[in-house]
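Remarks on the structure that follows.
Residues take their numbers from the sequence shown, with the count starting at 1.
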Amino acid sequence: VQKARLQRISGDARELARVFSVQAGAIPETLQEALAAHLPKRQDALASLLEHEIMTCDADGLRFTHEQFRLSLLGELDAEVKRRALRALGQHLLAAEGAGTLERLTAATHLFESGDTAAVRIIAEASTHITLREPDRLAPAIPMIERALELFRTAGRPLREQAPLLAALA
């Protein structure tokens, strides 16, 4: 049933869903605009996604009705569109009012994955801060620290840049 529902969307609706797939969980309106600014028929596409029950809307924003939809669509994103979407997501999270250290870590990891090497410093600072000053936030930060470390290793970043992440995981 889920696969059939996903197959019914195409064109602008599918492209919008693919771009939104970089965000797990709620997609607030400001993030929707940041991710989909380049898509001209966003409202019609969004109406189609809601009609086909690919996405739903609540007080926090949009979200995928099933995580499998999000993951399938994420797998369909071409590299350049994914890079742009991750950059928009990272910039949005970093600029969010009241963003804490974990949010900065998440934002910077998305920025690094989009190709922004300046995010290395933010990732290192956030990991160190969480480890030393917010140890109660370490458990929720571990998946993002692990993701950042994986990206650093894949990119061949020097061990000195990986050290704050390794220390947080020790």
Side-chain angles (χ1 to χ4, degrees), residues 1-78 80-114 116 119 122-123 125-127 129-130 133-148 151 168:
V1 175
Q2 287 180 7
K3 191 172 186 175
R5 245 195 292 167
L6 197 55
Q7 289 175 339
R8 286 192 295 239
I9 63 163
S10 60
D12 292 332
R14 194 169 199 90
E15 185 59 28
L16 181 63
R18 285 179 185 138
V19 169
F20 284 169
S21 72
V22 298
Q23 169 66 7
I27 308 167
E29 194 168 323
T30 55
L31 179 55
Q32 293 170 41
E33 290 177 20
L35 290 171
H38 67 286
L39 297 174
K41 299 179 182 176
R42 189 175 104 210
Q43 293 306 321
D44 292 339
L46 181 55
S48 178
L49 293 172
L50 293 169
E51 178 185 328
H52 287 97
E53 298 179 346
I54 302 300
M55 300 195 83
T56 188
C57 189
D58 61 25
D60 295 327
L62 292 174
R63 64 181 72 245
F64 286 91
T65 55
H66 298 282
E67 180 66 0
Q68 191 54 47
F69 288 158
R70 189 186 75 78
L71 295 174
S72 293
L73 291 159
L74 183 61
E76 293 177 11
L77 261 180
D78 88 9
E80 182 56 26
V81 174
K82 184 176 182 180
R83 186 191 67 72
R84 281 195 319 261
L86 287 169
R87 180 175 303 272
L89 174 58
Q91 289 172 338
H92 173 80
L93 294 173
L94 206 53
E97 190 174 318
T101 310
L102 180 55
E103 292 79 13
R104 290 178 50 75
L105 172 65
T106 301
T109 301
H110 292 312
L111 288 170
F112 182 74
E113 189 170 5
S114 79
D116 184 349
I122 299 169
I123 293 169
E125 288 172 359
S127 296
H129 181 87
I130 289 170
R133 296 203 167 92
E134 297 182 46
D136 55 314
R137 305 279 315 235
L138 188 55
I142 287 176
M144 195 53 63
I145 292 170
E146 289 173 336
R147 177 71 181 136
L151 293 169

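- In terms of the ring pair (Phe, Tyr, Trp, His ring centres under 6.0 Å) criterion, residue partners of H66 (sequence neighbours excluded) are, by chain and number, F69.
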- Query: Step by step, would you call E134 with L102 a side chain to side chain contact (heavy atoms under 4.5 Å, CB included)?
  - Reply: CA-CA 10 Å; E134 297 182 46; L102 180 55; over 6 Å; no

- Task: Run the numbers on H110 and V22 for side chain to side chain contact (heavy atoms under 4.5 Å, CB included), then give the verdict.
- Result: CA-CA 9 Å; H110 292 312; V22 298; over 6 Å; no

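- Heavy atoms only, all atoms of each residue included: F112 and A119 are closest at N-CB, 3.8 Å.
- Using modelled atom types, one finds no donor on one side chain facing an acceptor on the other under 3.5 Å when comparing S72 with E76.
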Report all side-chain donor-acceptor pairs from residues 83-94 shorter than 3.5 Å, counting only partners two or more places apart or in another chain.
| from | atom 1 | to | atom 2 | distance (Å) |
| --- | --- | --- | --- | --- |
| R83 | NE | E80 | OE1 | 3.2 |
| R83 | NE | E80 | OE2 | 3.3 |
| R83 | NH2 | E80 | OE2 | 2.6 |

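- At least one donor-acceptor pair closer than 3.5 Å links the side chain of E103 to the backbone N or O of G100.
- What you find for L46 and L16 is that their closest heavy atoms are N-CD2, 3.6 Å.
- Counting all heavy atoms, side chain and backbone alike, S114 lies closest to L111 at OG-O, 2.6 Å.
- Between the side chain of R18 and the backbone N or O of L77 there is no donor-acceptor pair closer than 3.5 Å.
- A donor-acceptor pair under 3.5 Å links the side-chain atoms of H52 to the main chain of S48, judged by distance alone.
- In this structure, the side chain of Q32 engages the main chain of I27 through a donor-acceptor pair within 3.5 Å.
- By the 4.5 Å heavy-atom criterion applied to side chains, R5 and T65 are counted as neighbours.
- Take R70 and apply the salt bridge (charged side-chain N to carboxylate O under 4.0 Å, His left out) test, not counting sequence neighbours, and it matches E67.
- The main-chain N or O of A26 is found under 3.5 Å from a side-chain atom of Q23 such that the two form a donor-acceptor pair.
- Counting heavy atoms from C-beta on, the side chains of R14 and L6 come closer than 4.5 Å.
- Put simply, the residue from M144, E125, R137 that forms a side-chain contact (heavy atoms from CB on, under 4.5 Å) with I130 is R137.
- Note that the CD1 atom of I54 and the CZ atom of F20 stand 13.5 Å from one another [nearest 0.5 Å].
- Considering every non-hydrogen atom in both L62 and M55, the closest pair reads CB-CE, 3.9 Å.
- Judged by distance alone, with hydrogens and angles left aside, the side-chain atoms of R104 form no donor-acceptor pair with the main-chain N or O of I122 at under 3.5 Å.
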- Message: side chain to side chain contact (heavy atoms under 4.5 Å, CB included) for D12 and L39? Distances and angles first, verdict last.
- Response: CA-CA 8 Å; D12 292 332; L39 297 174; 5.8 Å; no

